[in-house]
Engineer: 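The structure follows.
Residue numbers begin at 1 in each chain, while the letters A, B, ... track the order of the sequences.
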Protein chains: 2
Amino acid sequence: MKEFLRTKGFKMTPQRELIFRSFFEMEQHVSVDELYDKVRSIDRSIGYSTVWRNLKLICRVGLAQEVSMGDGITRYDRLTRVPHGHLFCLGCKKVIEFNADQIVGVLAQTAVENDFSNKGFKVEVQGFCAECRAKGAVDSFETESVS
Amino acid sequence: MKEFLRTKGFKMTPQRELIFRSFFEMEQHVSVDELYDKVRSIDRSIGYSTVWRNLKLICRVGLAQEVSMGDGITRYDRLTRVPHGHLFCLGCKKVIEFNADQIVGVLAQTAVENDFSNKGFKVEVQGFCAECRAKGAVDSFETESVS
DNA sequence: AGTGAAAATGAAAATCGTTTTCATTTAGAC
DNA sequence: GTCTAAATGAAAACGATTTTCATTTTCACT
Ligand SMILES: [Mn+2]
Ligand SMILES: [Mn+2]
Ligand SMILES: [Zn+2]
Ligand SMILES: [Zn+2]
């Protein structure tokens, strides 16, 4: 890792090391606050902006990608070898990942057809998970006006 | 339109009428500010929050969808009968739309497999357009550290 | 047409995640 | 060791989005 960063022109610091390591130990879709809390529990002296800047760096070097999803919070999603998409539940906000190999193939083709270089992609399906549909939390969007 | 809204439980007002009409006359991917400016040029008395609220309403009734794309500005994208995805140029920020019928088919299938109801989707490819690649604006991301 | 309740509006302020500033410290090439 | 560019931390700035609240307006129902 240290070498990897150095070749890209970045220095290694204790803070950076801890932040990077923690990030890759966490669950998918980490927010700045979440990572900040985790890192803080180990080193109380690390600043918020340092965490933020390093998360940006992780993206810059191609190890993660920013993702949004409705609420105004930016999350950081590790880029895995096997590309994936997101099923986002509008009810409970949960995210399910699914293999997007096939779709990525189509997208790559689309990029070529439009003379675009393909540096990344995002695939998201919004809907309601089984649990939320069961609870009837669904359609509170269309059928908002109930008696 | 008036009827359409009324059946959903919303009232019609002169402001709303102007905002809706203007929105559908504009180019794709309209921001609040852009629509506000347009509407303002016709009726100086309309407030920003009214424009904002009506844009939200347009989404709520299923006529548009919020989209992001890097910069922190929310844009509103009309939902067309034929589903489309976005090719987003990281260089000049331009957006090219492409037919996503095929992909949506696959996504619908994916939703079913995961017991998810499909209420919408987003498909985005990030990369560099032909012009930006020609200008060499590309890879200023990887090859940031030039002599 | 008149009335009342609910919805909509406009101006201003509040929110709040993100980003920048700046003084200071540190990494690492030479 | 020196030196320079990069990194850090605290605090402030930013800025788009969202809320508040007093006032106005719509429209279902007399
Ligand atoms: Mn993910
Ligand atoms: Mn579009
Ligand atoms: Zn759910
Ligand atoms: Zn371009």
Engineer: Calculate the interatomic distance between B:E3 atom CD and D:dA28 atom C1'; express it in whole Å.
Structural biologist: 13 Å

Engineer: Send over the distance from A:Y36 OH to C:dT18 P, rounded to a whole Å.
Structural biologist: 14 Å

Engineer: When you check the phosphate oxygens OP1 and OP2 of C:dA8, does a side-chain N or O of B:R16 lie under 4.0 Å from one of them?
Structural biologist: yes

Engineer: Restricting to non-hydrogen atoms, name the atom on A:S31 and the atom on A:I73 that form the minimum distance, rounded to 0.1 Å.
Structural biologist: CB-CG2, 3.9 Å

Engineer: Taking only the side-chain heavy atoms of B:N54 (C-beta and beyond), determine which of C:dT9, D:dA10, D:dG9 contains the nearest atom.
Structural biologist: C:dT9

Engineer: Which heavy atom of A:F23 sits nearest to which heavy atom of A:R78, and what is that distance?
Structural biologist: CE2-CG, 3.9 Å

Engineer: From the list D:dT18, D:dG9, C:dT18, which nucleotide is the closest neighbour of the side chain of B:W52?
Structural biologist: D:dT18

Engineer: For B:E17, is there an ion pair with B:K2 - N to carboxylate O distance below 4.0 angstrom?
Structural biologist: no

Engineer: Whole-Å distance between C:dT18 P and A:I73 CD1?
Structural biologist: 7 Å

Engineer: Are any of the side-chain heavy atoms of A:L35 and A:M26 separated by less than 4.5 Å?
Structural biologist: yes

Engineer: Select one nucleotide: of C:dT18, D:dG9, C:dG10, the one nearest the side-chain heavy atoms of A:I46.
Structural biologist: D:dG9

Engineer: Write down the distance between CG (B:D33) and C1' (D:dT17), rounded to a whole number of angstrom.
Structural biologist: 11 Å

Engineer: Does A:K56 make a side-chain N or O approach to OP1 or OP2 of C:dT18 shorter than 4.0 Å?
Structural biologist: no

Engineer: Taking CD in A:E27 as the centre, count heavy atoms belonging to other residues, nucleotides or ligands within less than 6.0 Å. Is the count above 12?
Structural biologist: no

Engineer: Quick check on A:E66: does its CD atom have over 12 non-hydrogen neighbours (other residues, nucleotides or ligands) under 6.0 Å away?
Structural biologist: yes

Engineer: Round to the nearest Å and state the distance from B:L5 atom CG to D:dT26 atom P.
Structural biologist: 14 Å

Engineer: Categorize A:T74 for me: base, sugar-phosphate, or nothing, with a 4.0 angstrom heavy-atom threshold over every strand shown.
Structural biologist: sugar-phosphate

Engineer: Roughly, in whole Å, what's the span from CG in B:L57 to C1' in D:dT18?
Structural biologist: 16 Å

Engineer: Roughly how many Å is it from CG in B:L55 to C1' in D:dT17, rounded to a whole number?
Structural biologist: 12 Å

Engineer: What string of B, S and - do you get for nucleotides 23-30 of chain C 5' to 3' if you count protein non-hydrogen atoms under 4.0 Å?
Structural biologist: ----BSS-

Engineer: Tell me: CZ of A:R44 to P of D:dG9, nearest whole Å?
Structural biologist: 13 Å

Engineer: So among A:H29, A:Q28, A:Q126, which one has a side chain to side chain contact (heavy atoms under 4.5 Å, CB included) with A:H86?
Structural biologist: A:H29

Engineer: OP1 or OP2 of D:dG9 sitting under 4.0 Å from any side-chain N/O of A:S49?
Structural biologist: no

